[in-house]
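Proteins come first, then strands; the chains are lettered A, B, ... in the order of their sequence lines, and each starts at number 1.
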Protein chains: 2
Amino acid sequence: MGKGRVTVIDIAKAAGVSKSTVSLVLQASPLVNESTRTKVNAVMRELGYVYNRGAANLRQANARSKIIGIVVNDLTNSFFAELAVGVDTVVQSAGFVQFLSNTSESIDRQREVIASMREHGVSGLIISPARGTEAVDLKPLVMAGIPVVLVVRNIPGAKVSSLVSDNHAGTYAAVEHLAALGHSRIAFVGGFPDTAVFDERLGGYRDAMSKTSSGFRDELVVSSAPSRAGGVDALARAMAMPEPPTAAVCFNDAVAFGVCDGLRARRIEPGKDFAVVGFDDVIEAKTTVPALTTISVDPQGIGQRAAQMLLKQINAGKPEAESAVSSVRLIVRESCGAAMNKPGRKLA
Amino acid sequence: MGKGRVTVIDIAKAAGVSKSTVSLVLQASPLVNESTRTKVNAVMRELGYVYNRGAANLRQANARSKIIGIVVNDLTNSFFAELAVGVDTVVQSAGFVQFLSNTSESIDRQREVIASMREHGVSGLIISPARGTEAVDLKPLVMAGIPVVLVVRNIPGAKVSSLVSDNHAGTYAAVEHLAALGHSRIAFVGGFPDTAVFDERLGGYRDAMSKTSSGFRDELVVSSAPSRAGGVDALARAMAMPEPPTAAVCFNDAVAFGVCDGLRARRIEPGKDFAVVGFDDVIEAKTTVPALTTISVDPQGIGQRAAQMLLKQINAGKPEAESAVSSVRLIVRESCGAAMNKPGRKLA
DNA sequence: GTTAATAATTGGAACGTTCCAACTTTGTCA
DNA sequence: TGACAAAGTTGGAACGTTCCAATTATTAAC
C-alpha cells in the first residue's frame with residue numbers, strides 16, 4: 001500500500017492545518033492550541049506517521065542528532081557487554097539512542113566504525129580503544145568538537161575525557177589482603193605487558209610487594225593472554241618454578257578462572273591449598289565454585305558514569321576534558337581462603 | 001575552529017568544480033575523469049570533509065540508510081553478545097553499520113528502541129524479542145515493508161523471517177546420549193515454562209524419554225530462572241526428591257553451571273557421580289572444569305546467518321518471509337561422564 | 001571540415017524537516 | 001470605538017545531498 005512515506009505535509013493536509021503547525025506539535029511547543037494538538041496527534045496515529053530524524057537534524061545544523069556511539073574492543077568479554085548495558089540505561093533515559101560497535105581489537109575496524117558514526121552525526125562517543133590506539137587517531141574527533149569519553153584504557157596525550165578504574169589501588173589491596181593471610185610467595189599472573197592497564201595493575205602489585213618482608217621478585221610475574229586459556233597456561237609456567245607460588249593476583253577474572261581450572265587439573269583446590277584473586281568482578285564471579293575473591297570495578301556503574309560525563313559535555317557545548325578514576329574495592333569471597341577457616345563464612 | 005561543517009559545496013568551490021561532480025566522486029561513479037577525481041579527493045582530505053548521510057538518504061527516498069538495527073533481550077547474557085558479534089561481522093563487510101540496543105526483557109523498552117530505529121531509517125532489523133512480544137507488535141514494521149529477521153524466539157502469526165535453533169532435536173539427542181550411558185532417572189532442569197523455547201526443549205526431552213524403558217515422568221521436570229542461580233535452586237529441589245535423578249538435561253549452559261555448583265556444594269562430583277548436559281555451548285563451556293557436555297548452537301554462526309537472511313531480503317526489495325531452523329549438535333565433553341571412563345578421554 | 005557519438009561536467013529541483021518573520025484572530029482596557 | 005497585546009497559525013527559505021536533463025569538451029568517422 002502506502003507507496004511514499006507519510007510526511008508532515010500529509011498530516012497537515014489531513015488535519016487542515018499548515019506544516020508549520022504540525023512541526024510545532026512534534027516538538028511539543030506550548031504555542032499550539034490544545035484542540036489542534038490533539039487533532040494533529042490523532043491524524044498522525046491514524047496515518048502511521050514516522051518522524052524523519054535525518055531531515056530534522058539536517059535543518060538544525062547546530063544541534064546534532066540524538067545518537068551517542070559506543071565503541072568497544074571486545075564485545076564477547078562480558079565486562080564490555082555490561083558496560084554497554086550501563087551506558088544504555090542512562091543514555092536512553094536522556095532521550096538518546098545508542099549505537100554500538102565492536103572493533104575486536106582492530107585499529108582499522110575502529111577507524112571505520114568511528115567514521116561511520118560521524119557520518120551519522122553522533123552527538124558524542126564512548127570509546128574503549130583497541131590496543132595500540134594513539135592520540136592522533138582521536139585528533140579528528142576533538143578538532144570537530146565531538147565530545148569523547150575514553151573508558152577502561154586511557155590514551156596519553158589525547159585531549160579527551162577519560163574514566164578508568166583505579167588499577168593500582170586494586171592490586172595493591174589484593175596483595176595486602178593475601179599477605180595478611182600469611183602468603184609470601186604471591187604471583188602476578190596474566191595480561192599482555194604492552195598495555196597501560198597491565199602496567200598499572202602490575203605497579204600496584206609491585207608497590208605492595210616491596211612493602212612485604214619478602215619484597216618484589218621479578219620472576220613472580222608471569223604474563224599471558226588476558227583470557228581463561230591464558231590463565232591455564234600462565235599457571236602451568238608458575239607451577240613449574242623451583243619454588244612455586246602459594247597465591248596469585250590475576251590480571252582479570254577470566255585469567256583467574258583459568259588459574260582455578262589449572263589448579264584443579266593438578267588436584268590443588270583453589271581457596272584451600274592455593275589463594276587466587278581476580279580483577280573486574282564479572283557477573284559469574286559470585287556464583288562460581290569457589291566464589292571468586294576479586295576487585296570489584298562494577299562495569300555497569302562505569303558505563304553509567306561514563307554516559308553521564310558524556311552527556312554533561314554534550315549539554316555544556318564546550319567539550320571540557322575531564323579525567324576521572326573510578327574507585328575499586330576488594331570483594332572477599334572464597335577463592336582466597338579467607339572465608340574457609342570457619343564454616344560460618346565470616347568475611348575478613 | 002571551523003564554525004559550520006564543511007559541505008560538498010565547499011569542496012566544489014575549493015576544487016574548482018561543481019557540487020554535482022563532487023557528488024559523483026563520492027559515489028565512485030565511473031563518469032568522472034580520473035584527474036578530477038584525485039583532485040577532489042585531495043581537497044576533501046585537506047578540508048576534513050565528513051559525509052552527511054542524513055542529507056543523502058533524505059534525497060534518495062527509495063533506498064534507505066545503510067543502518068541495520070539489532071535488538072536483543074539480554075545483552076549481559078554472553079550468548080547474545082556473541083550473536084551480536086556474528087551479525088556485526090557480516091553486516092560490516094556489506095558496508096552497513098550496526099545499531100544495537102538492549103531491551104532487558106521489557107516490552108515497553110523494546111517498542112521505544114524499535115521506534116527510534118525506524119526514525120533513523122534502518123534498512124532492516126534483527127530482533128530477539130522480549131518475553132511476551134506478540135505478532136501485533138511487529139505489524140507496523142511489516143506494513144512499512146521493513147525487513148525483519150527474528151532470532152532465538154519465534155513469534156507465531158508474525159509474517160516475518162525467523163531463525164531459531166532446533167531445540168527439539170537438541171534435548172532429544174542429549175537424552176539419547178545419557179540413556180546410552182546407562183542413566184534412567186534423567187531430569188529436565190531450568191527455564192521458565194511460559195516460553196516457546198522452553199516448550200520446544202522440553203518437547204525433545206519428553207519425546208526421547210518416552211522411548212526409554214522408564215518413560216517420561218512429570219515430576220522429573222523442575223523449572224527455574226534460566227540463570228546460574230536458577231540452576232542451583234532447581235538442583236536443590238531435584239535432590240530433595242525421594243528418588244533423586246542421576247543425570248540432568250539443562251535448559252541452557254547457565255543453568256548447567258549452576259547445577260554443577262550445587263552438586264559440588266553437596267560433595268557430588270559432576271561428570272563422575274552425576275551427569276549434566278547443557279544447551280548453547282557458550283564460550284566458557286569448553287574451558288570450565290569439568291568441561292561441559294552441551295548442545296552447540298554457535299551464537300556467532302546464528303548471528304551471521306541471520307544477517308545474511310536480512311541482507312538478502314533488503315536486496316530483494318520484496319521482503320519474502322522465510323523460516324529457518326539452525327541445526328544443533330551434541331558436544332560430548334566431561335560433565336556427562338562419558339569421557340571419564342578412560343584417562344585417554346575418548347569421545348563417545 | 002562537418003557531423004555524430006562519446007565523455008565529462010553542470011545548474012536546478014527535490015527530499016522532510018525546522019526556523020523565522022509575518023500574519024490573523026481574539027481578548028482587554030481606556 | 002480604537003489601540004494594543006496575546007495567542008495561535010502560516011508560507012517561504014534553508015539544511016546537504018542526489019537525481020535529472022541539459023550543456024560543453026573531446027574524439028571518431030566520413
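In this structure B:Ala324 satisfies the side chain to side chain contact (heavy atoms under 4.5 Å, CB included) test together with B:Leu163, B:Arg305, B:Met309, sequence neighbours excluded. Residues passing the side-chain hydrogen bond (donor to acceptor under 3.5 Å, both in side chains) test with A:Asp88: none are found, sequence neighbours excluded.
For the salt bridge (charged side-chain N to carboxylate O under 4.0 Å, His left out) condition, the pairs that include at least one residue of residues 106-116 of chain B, sequence neighbours left out, are B:Asp108-B:Arg111. Sorted by first and then second residue, the ring pair (Phe, Tyr, Trp, His ring centres under 6.0 Å) pairs with a member in residues 74-96 of chain A form an empty list; sequence neighbours excluded. A ring pair (Phe, Tyr, Trp, His ring centres under 6.0 Å) check over residues 98-126 of chain B, counting only residues at least two apart or in different chains, returns the pairs A:Phe99-B:Phe99, B:Phe99-B:His120. The list of side chain to side chain donor-acceptor pair (under 3.5 Å) pairs with a residue in residues 24-33 of chain B, not counting sequence neighbours, reads B:Ser23-B:Gln27, B:Asn33-B:Ser35. Within the structure, every pair that satisfies the salt bridge (charged side-chain N to carboxylate O under 4.0 Å, His left out) test and touches residues 24-52 of chain B, not counting sequence neighbours, is listed here: B:Glu34-B:Arg37. Applying the side chain to side chain donor-acceptor pair (under 3.5 Å) test to pairs two or more places apart or on separate chains, those with a residue in residues 68-80 of chain A are A:Asn73-A:Glu105, A:Asn73-A:Ser128, A:Asp74-A:Thr76. Listed by first and then second residue, the salt bridge (charged side-chain N to carboxylate O under 4.0 Å, His left out) pairs involving residues 119-144 of chain A are A:Glu119-B:Arg53 (not counting sequence neighbours).
Atom CG in A:Asn52 sits roughly 7 Å away from atom P in C:dG16 (whole-Å rounding). Remark: P of D:dA14 and CD1 of B:Ile9 are 12 Å apart, rounded to the nearest angstrom. Spacing between atom CG of B:Leu58 and atom P of C:dC15 amounts to 9 Å, rounded to whole angstrom units. In this structure, NZ of B:Lys66 is placed 17 Å from C1' of D:dT17, rounded to the nearest angstrom. Atom P of nucleotide C:dT18 and atom CZ of A:Arg53 are separated by 10 Å, given to the nearest angstrom. For B:His120 and C:dG16, the NE2 to P distance is 17 Å, given to the nearest whole Å. The nearest whole Å value for the distance from the CZ atom in A:Arg5 to the C1' atom in C:dG16 is 8 Å. Atom OH of A:Tyr51 is separated from atom P of C:dT18 by 4 Å (rounded to the nearest Å).
Looking at residues 17-36 of chain B, you'll see B:Val17, B:Ser18, B:Lys19, B:Ser20, B:Thr21, B:Leu24, B:Leu31, B:Val32, B:Asn33, B:Thr36 sit with a heavy atom under 4.0 Å from some atom of DNA chain C.
Counting distance only, with no hydrogens placed and no angle test, the side-chain atoms of B:Arg59 and the base atoms of D:dT17 include no donor-acceptor pair under 3.5 Å.
When the side-chain nitrogen and oxygen atoms of B:Gln60 are compared with OP1 and OP2 of D:dC19, one or more of them lie within a distance under 4.0 Å.
The terminal axes of the helix from C:dG1-D:dC30 to C:dA30-D:dT1, fitted over 5 pairs per end, subtend an angle of 50° to the nearest 10°.
Looking at B:Thr133, B:Thr103, B:Asn102 one by one, the single match for side-chain hydrogen bond (donor to acceptor under 3.5 Å, both in side chains) with B:Gln110 turns out to be B:Thr133.
Residues A:Ile68 and A:Leu310 form a side-chain contact, since some pair of their non-hydrogen atoms from C-beta on lies under 4.5 Å apart.
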Atom pairs, N/O to N/O, protein against nucleotides 23-28 of chain D, distance under 3.5 Å?
none

